[in-house]
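If you're wondering where the values come from, they're calculated on a predicted model, not measured in any experiment. Values below: all heavy atoms of this structure, side chains included; hydrogens, waters and symmetry mates excluded.
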Amino acid sequence: FQLQAFGGVLVQAGGSLRLSCAASGGIFSDYVMGWFRQAPGKEREFVARINRSGGSTYYADSVKDRFTISRDNAKNMVWLQMNRLKLEDMAVYYCAAGSTYYSGSPLWYDYWGQGTQVTVSS
């Protein structure tokens with residue numbers, strides 16, 4: 001099962017950006033999907049997750065009400081819409097596929113995309 005994240009670019013603080021993640025080589029709807037990020041010198045942190053059907057989502061407090069995760073099982077895609085971006089959102093963003101919806105720990109995610117860089121300028 002392969003994941004490819006893309007869409008990261010340079011954006012001004014306060015702006016918006018949508019990240020995409022394409023899945024292949026498996027049954028996409030079997031997996032909970034998550035987005036994580038890692039800034040230089042920091043540990044990888046949970047950002048958002050969505051359950052298998054797309055009917056339930058959960059966000060880190062730091063992005064709640066600014067970011068939206070969504071998925072389309074027919075297209076094998078998951079997205080992360082990021083609004084009102086802040087300098088502290090700058091990181092490499094990873095999409096991941098996992099087996100449980102009830103944890104944001106990276107340990108529960110089995111497959112990872114390669115990451116896409118989001119740079120936020122002031």
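Remark: Gln38 CD to Glu43 CD distance equals 8.0 Å, nearest 0.5 Å. Taking OG1 of Thr116 as the reference point, atom CG of Leu80 lies at 11.0 Å (rounded to 0.5 Å). Atom CD1 of Ile69 is separated from atom CE of Met82 by 12.0 Å, given to the nearest 0.5 angstrom. Atom CD of Gln81 and atom CZ of Arg66 lie 12.0 Å apart (nearest 0.5 Å).
Nearest approach of Ala91 to Ala39, heavy atoms of both residues: CB-N, 3.8 Å.
In the hydrophobic clustering of ILVMFWY residues, with side-chain heavy atoms under 4.5 Å counting as a link, Phe36 and Met33 come out apart. Cluster annotation: Tyr102 is not connected to Ile50 through the hydrophobic network of ILVMFWY side chains, with a link wherever side-chain heavy atoms come within less than 4.5 Å. Transitive grouping of hydrophobic side chains (ILVMFWY, heavy atoms separated by less than 4.5 Å) keeps Val63 and Val32 in distinct clusters. Under a hydrophobic-cluster definition in which Ile, Leu, Val, Met, Phe, Trp and Tyr are linked whenever side-chain heavy atoms come within less than 4.5 Å, directly or via other members, Val9 and Phe6 are assigned to different clusters. Under the 4.5 Å side-chain heavy-atom criterion for ILVMFWY residues, a single connected hydrophobic cluster contains both Tyr93 and Met90.
Looking at Asn76 and Arg71, their side chains never come closer than 4.5 Å, going by heavy atoms from C-beta outward.
Contacts of Arg37 classified as salt bridge (charged side-chain N to carboxylate O under 4.0 Å, His left out), with partners at least two apart in sequence or in another chain: Glu45, Asp89. Residues satisfying the side chain to side chain contact (heavy atoms under 4.5 Å, CB included) test with Leu87, not counting sequence neighbours, are Val120, Ser122. Under the ring pair (Phe, Tyr, Trp, His ring centres under 6.0 Å) criterion, Tyr94 pairs with no residue at all, not counting sequence neighbours. Remark: Asp65 engages no residue in a salt bridge (charged side-chain N to carboxylate O under 4.0 Å, His left out) (not counting sequence neighbours). For Arg44, there are no salt bridge (charged side-chain N to carboxylate O under 4.0 Å, His left out) partners, not counting sequence neighbours. With sequence neighbours excluded, the residues forming a side chain to side chain contact (heavy atoms under 4.5 Å, CB included) with Asn51 are Ser53, Ser56, Tyr101, listed by chain and number. Residues passing the ring pair (Phe, Tyr, Trp, His ring centres under 6.0 Å) test with Phe1, sequence neighbours excluded: Tyr31, Tyr111. Residues passing the salt bridge (charged side-chain N to carboxylate O under 4.0 Å, His left out) test with Lys42: none are found, sequence neighbours excluded.
Enclosure of atom CD in Glu88 by more than 12 non-hydrogen atoms of other residues, nucleotides or ligands within 6.0 angstrom is indicated. Heavy atoms of other residues, nucleotides or ligands lying less than 6.0 angstrom from NZ of Lys75 number 12 at most. By the 6.0 Å contact criterion, CH2 on Trp108 is open, its count of non-hydrogen atoms from other residues, nucleotides or ligands being 12 or less.
Residue pairs that meet the disulfide (SG to SG under 2.5 Å) test with at least one member in residues 55-85, sequence neighbours left out, do not exist here. Counting only residues at least two apart or on different chains, no ring pair (Phe, Tyr, Trp, His ring centres under 6.0 Å) pair has a member in residues 49-71.
With hydrogens and angles disregarded, a donor-acceptor distance shorter than 3.5 Å links the side chain of Asn73 to the backbone of Arg52.
With side-chain heavy atoms closer than 4.5 Å counting as contact, directly or through intermediates, Leu10 stands alone and belongs to no larger hydrophobic cluster.
Ring to ring, Trp35 and Phe46 are not that close: their centroids are 6.0 angstrom or more apart.
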All N/O donor-acceptor pairs, side-chain side in residues 11-30, below 3.5 Å, sequence neighbours left out:
unit_1, atom_1, unit_2, atom_2, d
Ser16, OG, Asn83, OD1, 3.0
Ser20, OG, Trp79, NE1, 3.4

